[in-house]
Amino acid sequence: MKGLRHFLEQEIRQRLKDRGVEVEVRLSLPPRPEMGDYATNAAFLMARTLRRPPGELARELAKWIQDLPAIARADASGGFVNLTLEDAFLVQQLKEVFTEDPLPPLPTRTRERVVVEFVSANPTGPLNVVNARAAAVGDTLVRVMRFAGIPADREYYVNDAGGQIRALQGSIEYRAGRRETLPEDGYGGTYVADLARALDRENIPVAQWAKEAVRRILEGQLEVLRRYRVTFEAVVRESWIRESPYPQLVKERLAPYLYEKEGAVYFRSTAFPDFRDDKDRVLIRSNGEPTYFFWDLAYHLYKADRGYTRLIDLWGPDHQGYIPRMKAGLEALGVGGHQLEVMIVQQVNLFREGQRVRMSKRKGEFYAMEDLLEEVGVDATRFFMLQRAVNTPLDFDLTLARTLSQENPVYYVQYSHARVVNLLKYAREKGHAPEFSWLEGFTHPAERTLGRMLLRFYDLVQDVADSREVHRLPHYLLDLSRTFHQFYQNVRVVTEASRETRRRLALVEMFRRVMKAGLDLMGVEAPERM
RNA sequence: GCCCCCGUAGCUCAACGGGACAGAGCAGCGGAUUUCUAAUCCGCAGGUUGCAGGUUCGAGUCCUGCCGGGGGCGCCA
C-alpha cells in the first residue's frame, strides 16, 4: 500500500473492528505539526451512535491503537486522537515506496473505464483561454487517474456538422466577395478572411469551402493543443456520428419516452426525477431536423458502447442547464444518467499590469490560446490554470505569470527541482551517491518533516483522482517545495562525513523523484538547471 | 420570475465527509549570503469567512431568507 494515510486508515479500522467497533476512520492533519503526524475525529463519529462522550471514547480509542507498530504515540485531546508515527516506520515506508525511478503508477484498482471529454471547441475559429483551462484540467485529470490506477482516456469531439458549419461557409463566401452579406450568425474574425483568401487562391471549389476550412481549423486547434502537451486518444466527429448506427439506436431506445407536439418530437426528460429537468426537450424539430441534443446523445451512447463506464465531460458555464436533459437521456438509453459526470469549467479573466484585458475585441478578434502560450509559455499557463478549483472563476495575471522571479509560484516549484538536481550533481562530483539502505532514522527534524511530506504523494494522487480536484496537485507541490527549501536551508547534505552524506542524499533523491512525478502529472517541465 | 456557480487578510487563493486557535503566496515592514544555486530562508503585521437567522457537542463548510458578481432559462450549439 503506497499511500501512507490510506495504509494507516486501514490498519486502524481493522484494529477497531477486532474490538467490535465499525467506524469509517479518516485521518487528517492536525492543526499544528507539533501535535502529531495525523489526527482522527473517529471518537466524535462513534459518540453519536454509542451515546457516550467523545472525550472518553477518544481515550479508549487511543489505548486500543497505540501499540500498532507504526504508531509511536496516540494522544487523546478533546475528542480527537493525535497520532505520532514511529521514525523507523516512516523510514521503512520511504525506502519501500520510493525505490523505483521514475515512480511507478499504482496498480489498477477498479473495473471502471473513464473517458474525459474536453475542449471540444467548434471548428469555426481559434481556441480561447477557457479552452486552455479546460485542456490543462482534462489532461491532468487523465494523467492523475492513470497514475492512481484508474484507466482513463482523453477525447475531443468535433461539431463539424449543422448550422454553424453553414454559417462558416457563408462567412467565408462573404469574405471572398462571393456573397453580399455576412450571415446573421456568421464569423467575422480575420482568420476567416485569411481562409477565404487561401481557399480562393488554391482554387478549392466553393462548395468544399466549409469542409476544407473545418479541416484546417481543426488541425490548427490540435496543433496548439499538442504544443500545450495535450494529445487525445480519440477525436470523434459529429459528421461520423451522423452516419453511424447510433442515431437509429437512440430513436429506438428512447421510443417509450417520446411524444409529438406541434409537429416536433419531444423527449420526456421530466420523467426522470433524479435529474430534475424543468421541461421536456425537443429531439426532432418540426422541420424534421434533429436537435444538437439528439446527436449528442448518439455520441455519448457511442462512448458507452466502447466500454467506458464513466463519462466525464468538461463544459463551459453556459451549458449548466444542459446537464439534466443529458443525464435523463442517458438514463433512458440504458447507459445510466449517473455515469455522466459534468465538470463546469468557469471563466477565465485576464489581467495585465492590474488591468482587465478585454478578451473579445470588435470584428471577432480575441485573445486566443496561442497568444497565451506565446506570452507566458506552456509551463506557467498550465500551472496557473490548474491552481484554482474548476468551478470557480479564475483571474489570470499575465504579468505575474510572465515574471521570472520569486513571486511566481511556477518558478518556486521548478527551482526546487533544479536545485535538487544540482545538489545531486555536486555530490556525484565529490564522489557521493545516495544510499537508501543507510537511511535508518532521522538525524535532523527537517529530514523527518521532508520525509513525511513525501509520503503524502500517493495519498494525494488517489485523492485527486477520486475527487477530480485537480487544483490540489499544484498546492501540494508548492507545499513540498517549501518543505524542501527549508530542509536545504537547515541541513547540510554534502560533507566530509561520507556515510551521513549518502544517507541524506537518499532522502534528497526521493524528493527529486516525487517532484519530477508531480510536475509530470501537471504537464509542467522539471528543469535540470535554472 | 425560476435554475446553476461564486463571495474567506489590501490582492490572488487554500482549508481534504461538519472538527481543534480559519492557513499560504504576493504586496508591506525587519533580518539571514564570500552557498551543496538568495528564483532561497527566518521574523513582524494583516480576519466579524457578504449580511441575518436556523440545525449541531462543533458551521467558512449544511438549511432558509436577503445583498453583490457571473452564467443559463431556444424547435441555437
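All values reported here derive from a predicted model rather than from experimental measurement. In what follows, every chain begins at residue 1, and chains take the letters A, B, ... in the order their sequences are listed.
Aromatic stacking is marked for A/Tyr488 over B/C36, as both cut-offs hold: 5.5 Å for the centres and 30° for the planes. Ring-to-base geometry places A/Phe80 in a stacked arrangement with B/A20 (centre distance under 5.5 Å, plane angle under 30°).
Set against B/A20, B/A24, B/C13, the side chain of A/Met35 has B/A20 as its closest nucleotide. Closest to the side chain of A/Asn159, out of B/A20, B/U12, B/A77, is B/A77. Listed nucleotides: B/C73, B/C13, B/C16. Nearest to the side chain of A/Lys279: B/C73. Side-chain proximity of A/Tyr411 to B/C6, B/A39, B/A14: nearest is B/A39. Nearest nucleotide to the A/Tyr266 side chain, out of B/C75, B/C5, B/C41: B/C75.
Rounded to a whole Å, the NE2 atom of A/His432 is 10 Å from the C1' atom of B/C36. Computed from coordinates, the A/Leu460 CG to B/A14 C1' distance equals 13 Å when rounded to whole Å. In this entry the distance linking CG of A/Asp296 with P of B/C75 reads 16 Å, nearest Å.
As judged by a 4.0 angstrom heavy-atom cut-off over every strand, A/Pro31 is placed among the base-contacting residues. Nucleic acid contact for A/Ala389: sugar-phosphate only, since backbone atoms but no base atoms lie under 4.0 Å from a heavy atom of the residue. Contacts of A/Glu262 with the nucleic acid, taken as non-hydrogen atoms under 4.0 Å apart, include base atoms.
The side chain of A/Lys261 places no N or O atom within less than 4.0 Å of a non-bridging phosphate oxygen (OP1 or OP2) of B/C75. OP1 or OP2 of B/C76 sits under 4.0 Å from a side-chain N or O of A/Arg285. At the phosphate of B/C36, OP1 or OP2 sits under 4.0 Å from a side-chain N or O atom of A/Arg492.
The pairing partner recorded for B/G46 is none, the criterion being a Watson-Crick or G-U wobble arrangement whose two distances lie under 3.5 angstrom. The base-pairing partner of B/G10, taking Watson-Crick or G-U wobble contacts with both distances under 3.5 Å, is B/C26. With a 3.5 Å ceiling on both atom-pair distances, B/G58 lacks any Watson-Crick or G-U wobble partner. Across all strands shown, B/C36 has no partner, as no Watson-Crick or G-U wobble contact with both distances under 3.5 Å is found. Nucleotide B/G74 is matched to nothing when pairs are restricted to Watson-Crick or G-U wobble geometry with both distances under 3.5 angstrom. Judged by Watson-Crick or G-U wobble contacts below 3.5 Å, the nucleotide B/C41 has B/G31 as its partner.
A/Val345 approaches A/Arg133 most closely through the heavy-atom pair CG1-CD, 3.6 Å.
If you take atom P in B/A59 and the same atom in B/C63, they sit 16 Å apart, rounded to whole Å.
Between A/Gln347 and A/Leu424, the one whose closest nucleotide on RNA chain B sits nearer the 5' end is A/Leu424.
Taking the centre of each ring, A/Tyr257 and A/Phe272 come in below the 6.0 Å mark.
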